[in-house]
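Some notes on the structure that comes next.
We use all heavy atoms of the structure for the numbers below, so side chains are in, but hydrogens, waters and symmetry mates are not. As the structure lists them, so they are numbered: ligands from 1, and atoms in each ligand from 1. Keep in mind the model is a prediction, meaning the values are calculated, not measured.
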Amino acid sequence: MSDRVDFTPPQLLPAWAALSAHAARLARQPLSSLFANNPDRAHQLTLIFENPAELDQTALISDFSKQQLDEDVIKDLIRLAREANLGESIYRFFNGAQLNFTEKRAASHMSMRGGCPPPPGNGADTHAMRTFAFDLREGLLIGSTGKTIRHLVNLGIGGSDLGPRLAVEALGSSSDHFVCGIELPQVDFVANVDPLELNTVLAHADAAGTLFVVSSKSFSTPETLANAEAARQWLRSQLGNDADISAHFAAVSNASETAVAFGIRPDRVFPLPDWVGGRYSVWSAIGLPLLVAVGGMFDDFLAGGRIMDDHFRLTPFEQNLPVWLGLTGLWNSSFLNIQSVAALPYAHGLRSFPGWLQQLEMESNGKHTLRDGSHTEADTAPVVWGSAGTIGQHAFHQLLYQGTRRVALDFIIPVGDAGDPRQRILVDNAIAQAAALMAGRDLDAANASLSRHALPAAEIKRLAPHLVSKGNQPSTTIMLPRLDAFHLGALLALYEHKVFVQGWIWGINPFDQYGVEHGKEIARALASGKTNEQDASTAQLVRLAEEFRQKMR
Ligand code: F6P
């Protein structure tokens with residue numbers, strides 16, 4: 001199935017003009033007033049996603065009522081999706097069409113979790129990877145000295161790091177710590193080519209029991225290869241030059257010949273099909289560290305993703321969670337000119353979620369070239385950032401309250417353990433922040449708040465303007481019963497499909513990343529000493545860095 005380029009830029013679709021009119025109508029309306037106008041608003045703008053595998057089990061609730069929109073906007077956003085043929089694109093996406101049209105391949109990562117068939121004649125077998133991971137868990141892998149491998153260090157960057165790192169942080173601590181009577185292997189991640197990251201891990205590592213997994217779809221990413229080489233040198237320095245270093249390496253890559261040429265045993269190179277993009281690859285063999293950390297829970301993670309696939313594929317747009325998440329994000333970016341989105345997961349286990357989401361959204365839809373080669377006139381992906389709640393409340397929320405910028409917020413709240421009062425504090429904080437950042441505080445409320453402190457009237461008058469906050473920060477609140485493998489899988493797949501919805505309607509290809517090649521080319525030129533081709537500032541910086549190096553030698 002190939003992609004057709006019969007494409008109409010979204011601004012030419014009738015619903016776009018209707019949405020522009022809505023934006024003008026709503027732009028000056030305080031968010032809180034939308035609630036005053038419609039007592040049923042919270043209910044009407046909340047979607048509930050039931051887990052079809054377990055009767056009456058709510059898997060995920062998504063409340064869009066704090067977004068700057070109303071039911072008419074939702075209707076026209078859904079009309080926009082229909083006019084852009086989103087339904088047909090979802091069908092083709094799940095049936096292996098080459099929607100990654102620049103690279104002429106399908107984007108079928110859903111197949112890794114059973115959400116769709118693999119592209120014809122091009123399946124992915126994870127059997128060998130799974131056997132390897134379970135052997136490692138169960139203490140059956142032996143290093144060059146005969147010692148059991150109990151430490152896995154993942155060397156990868158971007159999609160070969162962010163997804164598994166996030167999932168291990170989210171789920172690792174809830175997994176059993178012993179299997180077959182022995183302690184589970186320690187799992188670490190090293191992404192940065194800054195020597196400090198690898199050195200920090202190696203400082204506490206026992207070479208004889210350590211395995212490095214070189215995770216690189218291309219097996220050509222300089223940062224990862226430099227770290228793999230440093231790991232090899234370290235192993236030699238610890239185990240001696242005669243040691244069989246290959247006992248301490250495995251790789252996840254679709255460039256198996258290059259991996260073998262590096263020195264990885266052929267039966268330890270676990271493939272990753274070309275139709276799984278790096279930032280969509282946690283479900284594939286790239287998930288090896290996760291499988292080692294959580295064992296059978298990996299299948300629950302896949303099941304969560306698969307159930308979100310079914311929901312996305314089969315549910316009418318009016319009730320479809322990824323469609324709403326995509327459309328409301330598109331509304332903020334392209335119509336309300338809100339170019340900043342903060343992801344605020346209220347869970348320590350999701351502290352790496354903003355980083356994962358950054359790559360997913362910004363590498364996928366941070367683009368301006370449309371399917372027909374023309375330049376978009378709409379604003380596409382926003383700047384995505386964030387941190388785990390409640391940490392941000394004591395750092396950057398000040399700007400959200402009283403700064404000059406509008407920022408759209410995604411609150412993600414796993415409700416969690418009822419027995420621990422701190423968990424309740426966490427959840428209440430998240431809900432309170434969404435409320436306060438929407439409502440803001442006017443001068444009267446600021447005065448009233450200060451009056452409670454028995455201050456002199458002049459002092460109240462002086463301070464009150466500094467307590468005013470404008471509010472009106474739009475947010476979506478996604479609530480899960482708990483952070484387990486199933487719900488994490490559903491959450492990540494939800495965002496993946498959100499990105500698909502937006503990319504399709506904007507008319508861009510979410511599955512390539514040609515932009516990042518430019519910086520890599522210049523880095524290669526600098527490494528080979530070609531500074532004369534660069535601008536004067538760049539050439540000067542290279543020279544100054546070299547001067548520093550000379551002085552430190
Ligand atoms: O440079 C960007 C990128 O290609 C990402 O898309 C990818 O996730 C990352 O680098 C790592 O790539 P690889 O897995 O091939 O090392």
Evaluating non-hydrogen atoms only, which member of Glu223, Lys217, Gln513, Gln359 is closest to atom 7 (C) of ligand 1?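 Looking at heavy atoms only, the winner is Gln359.
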Among Arg279, Glu517, Lys520, closest by any non-hydrogen atom to atom 4 (O) of ligand 1: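 Comparing heavy atoms across Arg279, Glu517, Lys520, the nearest one to atom 4 (O) of ligand 1 lies in Lys520.
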Pair [X], [Y]: side-chain N/O donor-acceptor within cut-off below 3.5 Å:
{"X": "Thr102", "Y": "Asp512", "answer": "yes"}
{"X": "Asp535", "Y": "Thr538", "answer": "yes"}
{"X": "Asn100", "Y": "Asn509", "answer": "yes"}
{"X": "Glu103", "Y": "Trp275", "answer": "no"}
{"X": "His497", "Y": "Asp309", "answer": "yes"}

Would you sort out whether Arg543 and Glu546 count as a salt bridge (charged side-chain N to carboxylate O under 4.0 Å, His left out), showing the intermediate values? CA-CA 5 Å; Arg543 183 171 50 75; Glu546 185 52 29; over 6 Å; no
Return the closest protein heavy atom for [atom] as residue, atom name and distance.
{"atom": "atom 11 (C) of ligand 1", "value": "Ile157 O, 3.3 Å"}
{"atom": "atom 12 (O) of ligand 1", "value": "Thr221 OG1, 3.5 Å"}
{"atom": "atom 5 (C) of ligand 1", "value": "Glu363 OE1, 3.4 Å"}
{"atom": "atom 15 (O) of ligand 1", "value": "Ser218 OG, 2.6 Å"}
{"atom": "atom 8 (O) of ligand 1", "value": "Gly159 N, 2.8 Å"}

At a 4.0 Å cut-off, with the gap strictly under it, does some heavy atom of Thr224 reach an atom of ligand 1?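 Contact absent.
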Under 4.0 Å from a heavy atom of Val516: give me the atoms of ligand 1 that qualify, with their elements.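 Listed by number with element, the hits are 1 (O), 2 (C).
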Determine, using ring centers only, whether Trp324 and Phe317 are less than 6.0 Å apart.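 No, they do not, as the ring centres are separated by 6.0 Å or more.
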